[in-house]
K.L.:
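Dropping a structure here in structure tokens format, bear with me for questions.
Remember, it's a predicted structure, so these values are computed and weren't measured experimentally.
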Amino acid sequence: INHSVSTQFAVNPNPVSTRYNITMNAPQGGVGTLQLVELSGKIVWSKQYNLQKGSTYLSINRTTEAKGIYVMIFRVNETVATQKVIINDN
């Protein structure tokens, strides 16, 4: 498993209040998995996307996620990238 550099995956804005704007880079395309995980390790949600080669932009509405610190995990092919995500209320 390759751990990618931060330019492969970005979450903005961070802190998040109402929406996650996510940019993912899949050098070869493939099925990508995005997970939001609590610091305890509990998976809050997990979503799969068919990614084309190159960059993919997603905008996901925040739903029931409580205020706090999380880790977002992006997996595609043999690459795993993580980013700390802070969720604030408006």
Side-chain angles (χ1 to χ4, degrees):
I1 294 177
N2 299 316
H3 290 279
S4 74
V5 294
S6 60
T7 56
Q8 300 278 330
F9 167 64
V11 179
N12 293 296
N14 196 359
V16 171
S17 59
T18 58
R19 179 180 299 269
Y20 307 91
N21 296 310
I22 302 164
T23 304
M24 300 175 283
N25 186 25
Q28 300 165 347
V31 176
T33 302
L34 202 57
Q35 292 181 316
L36 187 69
V37 180
E38 294 178 354
L39 294 181
S40 68
K42 178 183 173 191
I43 297 171
V44 178
W45 52 254
S46 181
K47 302 173 187 295
Q48 282 194 331
Y49 300 94
N50 289 316
L51 303 175
Q52 300 298 317
K53 180 178 178 180
S55 292
T56 300
Y57 173 82
L58 297 171
S59 186
I60 301 172
N61 288 325
R62 175 183 168 204
T63 54
T64 59
E65 300 90 318
K67 179 177 175 180
I69 299 172
Y70 297 81
V71 175
M72 191 166 287
I73 303 170
F74 168 57
R75 291 182 178 90
V76 63
N77 303 323
E78 297 298 315
T79 300
V80 178
T82 60
Q83 182 172 339
K84 180 172 80 171
V85 176
I86 299 169
I87 296 179
N88 284 336
D89 291 330
N90 287 335

K.L.:
Which residue is it: Ile60, Val11, Ile87? I am looking for the one with a side chain to side chain contact (heavy atoms under 4.5 Å, CB included) to Leu36.
P.N.:
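For Leu36, the side chain to side chain contact (heavy atoms under 4.5 Å, CB included) test succeeds with only one of Ile60, Val11, Ile87, which is Ile87.
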K.L.:
Is there side-chain contact between Val76 and Met24, with heavy atoms separated by less than 4.5 Å?
P.N.:
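A side-chain contact is absent here, since even the closest heavy-atom pair is not under 4.5 Å.
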K.L.:
According to side-chain contact (heavy atoms from CB on, under 4.5 Å), who are the partners of Val71, at least two apart in sequence or on a separate chain?
P.N.:
Leu39, Ile73, Thr82
K.L.:
Listed by chain and number, what are the side-chain hydrogen bond (donor to acceptor under 3.5 Å, both in side chains) partners of Ser59, not counting sequence neighbours?
P.N.:
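With sequence neighbours excluded, Ser59 shows a side-chain hydrogen bond (donor to acceptor under 3.5 Å, both in side chains) to Arg19, Asn21, given in chain and number order.
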K.L.:
Can you list every ring pair (Phe, Tyr, Trp, His ring centres under 6.0 Å) pair that touches residues 45-66, not counting sequence neighbours?
P.N.:
Tyr20-Trp45
K.L.:
Restricting to side-chain contact (heavy atoms from CB on, under 4.5 Å), what partner residues turn up for Gln28, sequence neighbours left out?
P.N.:
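Per chain and number, Gln28 pairs via side-chain contact (heavy atoms from CB on, under 4.5 Å) with Asn77.
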K.L.:
With sequence neighbours excluded, tell me which residues meet side-chain contact (heavy atoms from CB on, under 4.5 Å) with Lys67.
P.N.:
Asn88, Asp89
K.L.:
So, taking the atom named CG in Leu58 and the one named CG in Leu51, what distance separates them when rounded to the nearest 0.5 Å?
P.N.:
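Between atom CG of Leu58 and atom CG of Leu51 there are 7.5 Å.
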K.L.:
Got a sec, which residues hit side-chain contact (heavy atoms from CB on, under 4.5 Å) with Ser40, two or more places apart in sequence or on another chain?
P.N.:
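So Ser40 forms a side-chain contact (heavy atoms from CB on, under 4.5 Å) with Glu38, Lys42.
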K.L.:
Could you tell me if the side chain of Gln83 sits less than 4.5 Å from the side chain of Phe74, heavy atoms only?
P.N.:
no
K.L.:
If hydrophobic clusters are built by linking Ile, Leu, Val, Met, Phe, Trp and Tyr wherever their side-chain heavy atoms come under 4.5 Å apart, do Ile43 and Ile86 end up in the same one?
P.N.:
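Same hydrophobic cluster.
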K.L.:
Output yes when a side-chain donor or acceptor of Arg75 lies under 3.5 Å from a complementary backbone atom of Thr33, and no otherwise.
P.N.:
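Not confirmed, Arg75 side chain does not pair with Thr33 backbone.
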K.L.:
Given side chains that start at C-beta, do those of Thr18 and Asn61 come closer than 4.5 Å, heavy atoms only?
P.N.:
no
K.L.:
Run the numbers on Ile22 and Met72 for side chain to side chain contact (heavy atoms under 4.5 Å, CB included), then give the verdict.
P.N.:
CA-CA 10 Å; Ile22 302 164; Met72 191 166 287; 3.7 Å; yes
K.L.:
Can you establish whether the number of heavy atoms outside Lys84 located under 6.0 Å from its atom NZ is more than 12?
P.N.:
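No - once you tally the heavy atoms of other residues, nucleotides and ligands closer than 6.0 Å, there are 12 at most.
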K.L.:
Ignoring hydrogens, what is the shortest heavy-atom contact between Ser55 and Asn25? Give both atom names and the distance.
P.N.:
N-OD1, 3.7 Å
